[in-house]
Structure formats: structure tokens, C-alpha cells
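Since the structure comes first, as C-alpha cells, the remarks are kept for the end.
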Amino acid sequence: MAPIDSTALIARAEAISKEFEYGADDVRKGVKEFLRLMDVGLQNDGEAMTMIPTYVTSVPNGTEKGVYLAVDLGGTNFRVCSVYLTGDSKFTLTQSKAAIPKLMMTSDSHTLFSFLAQQVKEFVDEHHGDHFAETADHHLQLGFTFSFPVDQRAVNKGYLIRWTKGFDIADAIGKDVCELLQKEIDALGIPVTVAALVNDTVGTLMARSYTSPGKTGTLLGAIFGTGTNGAYVEKLSKISKMTKPDSGVGEYDKSTGEMVVNTEWGSFDNAMQVLPDTLYDRQLDKNSVNPGIQMFEKRISGMFLGEILRNAILGLQKDVGLFSAATIEETAALNTPWSVDTSVLSYIEADDSEDLATAKSVLEEQLGVSAAHVSTEEARAVKILVHAIGKRSARLSAVPVAAILIATGKVKPSASLDDAAETKEELDVIDIGVDGSVVEFYPGFEKYLREALREVPEIGSDNEKRVRMGVAKDGSGVGAALIALVAAKMAGIPAAFAADEL
Ligand code: BGC
């Protein structure tokens, strides 16, 4: 077989990478459209970018105390944990984790929820058995982190709107997921009450606010992981859909004048007015379980970046004979839809060596392309694609962050920042809690996101510097526990057992 023409290969890889460029103008257009769709979603029910009122009307300040259970369903694993909030911005957490069997993601709701309840039972038996032997009438309060779009009607009630991230269980749509879980928990006879329903972004926001209380509290909790989404603190007066007659809104505390809104920004611009689109994105969407939905998420998050890369590599193979000297089995990951993990991109992006040795071994181990027959130029071509896909994801992620900073009035005009600098007045930081494998592990993700933030005129570099972004570790567990605490307090239920009893 003729050796591959390296110049043509790199030229083609670069041409493909250009298709993934998301420039400053694109960011600005994106922000404008995001601001428009935020308003549409705050005013009307049933919009694609749903802007879900969460019934959480304040963020913690770090003094909260008690022990709560939390479970987390939202991606590839199901986690059960108990969280001991010690009231000094700290916590300890015990947890167990079980992979969700793939088949269960597309089964029926009884199969899935009875599996979840079983995990809760095993956890409670193992970690809280003694306690409940003594006080069997006292229920542990549980926060249920359920990271899919729900029509939330109370802090512990929410009807599933649609599945995302590869889940597809038709009979659960329209049902109250707290009730589905409670029913299966009751069937097993465990003393646990599902007290709060929490999206992972809301959990992240709460956990970050608990662990890093500042003058102003945390503004935004954002996930860039298997999926992507964000929740932020909004003025009640702007959530006008809650005051429409017959809106079916439940009771909530109006005293703070605020409520956390779960944006469900994964479905930003499903209409494809401003989002970038390549052949490889279109191939992915066509082969997904939800074509035309979660179009923003499909360009950003971990469930999808590997598949975009796989499509782009197959494109290079077809166009210029990439890997023509290598042996690739029919069943190799490269030939199997949805089997390239996003960690592949992180490893390849991180490989700055001359001979791209890590990239080659990742190609062998994770994609099934025999490394012995992969040239450095071929690995370089793949790295060009990886970089383009990852950078676009990070720059796109700046769009909702910028829009939320603008919409909530957090950014200040540059001139007032100059005045403040002259008077040495300390400017408030804008605190953002983040979580997820992409933001945590993709090299340069935050750097590229910040670069794009600076390109938005209302933000610029002065405001961008005020943004403090930090990973809220175990955010969904701690956040769910915090919301369970608030819900239990509202219902007059004391903490399941006081911290000093532990
Ligand atoms: C879901 C969100 C979730 C996000 C991150 C999306 O697919 O729709 O509810 O917050 O993933 O897990």
C-alpha cells in the first residue's frame, strides 16, 4: 500500500479543524440569542430551553448542620451517599457507586427505579443499620439528584419532561420521579423519605455556596460532564410564568424575592439559529436517540465529544486514507458508534511530546488502531481534530455563562471598574461552581472559556477577572443533602440524627 501523503493529511486535518472554529462574532451572536431564549423560557411553559423554577429560594451560608441521605442519577453511575454537614462550611461524606447497566437505561420505569431503591437499601443496611434498629419510626430524609429535565411543581415533586444522555424509558415521561422512587423504597420497607428533588446543577450551586460562602453567595452552578447545564439565582419578578393564571404552581417561600432556576441549557438553540454545525455534528445527531434535541449539549459535553471525534477521524480515513497501514478490527471502538470516551480527547490534547507516544497508545488502547502502524504525522492529524473539537466545546460553554452574568446584572461597565480600581475599592467576586469530567480534565477548558468571555463586549477582561470558578467536589451529593435539609425544616421534620450523636 502506498505510504500516506503527510502533507495532504495535515492539510485536510487543518481544513476540518477550521470547520470547528467558533470565533468572537459567533460568541457574541450566541450570547444575544441565549439572552432572548432565557426570557422566552422565563415567560412561558413548555419551551425547549425550559428555565425550570426549582422551588429553592435561597442558597446556603455554610452554617447548616445534620445528616442527610442523597442519591444521584444522571449519567453512567448511580451514587448513594450520606452527608454529614458540620455547619462550618465543611462536610464528610460516605458513598457507594453502582454502574447503571446499559440495558436499564432503555428499559421501563419499574426496572430502573426498583434497582435504585435496592441500592439505597444496601447502603442504609451497611451504613445506617444500627441507627434504624433503634429508631425504626424515624425516617432518613433523602435528596434525590435527578439530572434530567423535569417540570418541577414543589421541592419534592417533578414530572419528567424528557430523557437525555442516552436514557430512553417511555413510560416514565410525565410521571413524578419522586413518587416513582418513593414507591420502590416503600416496597422494600426502608425508613427513607424522598424529601427533595434536585438537578445536579442546583446541587452544585448549593454545595459551592455552602463550602465557599462569600459576601454575595454563589451565582451559578454549571455542569460540563456527561451532559451540560446550569442553574442560577434569578429574581422572582422575572419568572413571570409562575404568576400566570392556571399555571399549576405549588407553594413557595417568597420572602427572599429569588429562586434558583434550572435553565436546561443543553437544549439552547435546538432550532439551530446560531449554533455551529459540521458534517460530523449532523452524523452524531442523526444516530442519537433524540435527534434535533439537546443540540447545544451535543456540541459540548462528554457523552458526545468522543463521538464527534470518531466521526471526524472516519472522515479523514475516507478523505486521505488515515491509518491505511494499520490493522483495525471490524469491532474496534473506532468502528463502533458511541464507544469513544471523552477521556480520549483529554489524553491526546495533553500529549505535548515530539513523537506523540501517549496519543498513539491511546489510539491503540481506546480506539483499537494498532500503534505499531500509526505514524507520528497520523497521530498529529488526530490531535489537530481533538484540539478543534475541545476548544469549540470550551468557547461554546462561555455563551451561557456570559449571558447569565449579563442578565443578572452582575457585570459592571468598564468605566465604573476603572473608578473602583483608582479608589482601590474591592470589587465583588462573581462566584461560579462547576463540576463534570470535561471542565475538570480537558486541558485548557477554563482558559478557552475565559478567552471567549473576554470577547463579549459587556464583559471584557475587567469583569472576566472578577469571575471565580471552582469545582464543587461531590456537589450533587452535598447539594441534594442541603436541599433535603431545607425541605425537612419547612415540613417541621428535625434532622434525622444530630451531628453530636455520630
Ligand atoms: C440534563 C440536565 C443535567 C445535565 C448535566 C442534561 O442532559 O438535561 O438536567 O443537569 O445533563 O448532567
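Computed from a predicted structure; not experimentally measured. All ligand and atom numbering here is 1-based and tracks the order in the structure.
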Proximal ligand 1 atoms for Phe148, defined as those under 4.0 Å from one of its heavy atoms: 9 (O)
If you have a sec, work out which protein heavy atom is nearest atom 11 (O) of ligand 1 and how many Å separate them, to one decimal? Lys165 NZ, 3.1 Å
For atom 6 (C) of ligand 1, the protein heavy atom that lies nearest, with its residue and separation: Glu297 OE2, 3.0 Å
For atom 8 (O) of ligand 1, the protein heavy atom that lies nearest, with its residue and separation: Glu264 OE1, 2.7 Å
Atom 5 (C) of ligand 1: of Ile52, Val202, Asp200, the nearest heavy atom sits on Asp200
Is the shortest distance from a heavy atom of Pro149 to ligand 1 less than 4.0 Å? yes
Is any N or O atom of Asn229, backbone or side chain, closer than 3.5 Å to an N or O atom of ligand 1? yes
Do the side chains of Asp277 and Arg282 get close enough for a salt bridge, i.e. N-O under 4.0 angstrom? yes
Tell me, which pairs form a salt bridge (Lys or Arg N to Asp or Glu O under 4.0 Å) where one or both residues lie in residues 255-274, sequence neighbours left out? none
Judged by non-hydrogen atoms, does Thr226 sit under 4.0 Å from ligand 1? no
Chi angles and distances behind the side chain to side chain donor-acceptor pair (under 3.5 Å) call for Asp200, Thr145: CA-CA 6 Å; Asp200 52 357; Thr145 300; over 6 Å; no
For the pair Val467 and Ile432, evaluate side-chain contact (heavy atoms from CB on, under 4.5 Å) and give the outcome as yes or no after the intermediate values. CA-CA 7 Å; Val467 173; Ile432 297 181; 3.7 Å; yes
Could you walk me through whether Arg208 and Asp435 pass salt bridge (charged side-chain N to carboxylate O under 4.0 Å, His left out), step by step? CA-CA 10 Å; Arg208 173 83 183 168; Asp435 203 0; over 6 Å; no
Measure from NZ or CZ of Lys165 to the centre of the six-membered ring of Phe167 and say whether it is under 6.0 Å with the direction within 45° of the ring axis. no
Within reach of ligand 1, part of Asn262 (heavy-atom separation under 4.0 Å): neither
Check for me whether Arg162 has a heavy atom closer than 4.0 Å to any atom of ligand 1. no
Ligand 1 atoms in contact with Thr164 (distance to a heavy atom under 4.0 Å): 1 (C), 6 (C), 7 (O), 8 (O)
Tell me the nearest of Gly74, Gly227, Ser301, Ser147 to atom 1 (C) of ligand 1, using heavy-atom distances. Ser147
Taking the six-membered ring for Trp, are the ring centroids of Phe148 and Phe146 within less than 6.0 Å of each other? yes
Does Phe224 form a ring-ring contact (aromatic ring centres under 6.0 Å, His included) with Phe445? I'd like the steps, not just the answer. CA-CA 10 Å; Phe224 303 102; Phe445 189 85; 5.4 Å; yes
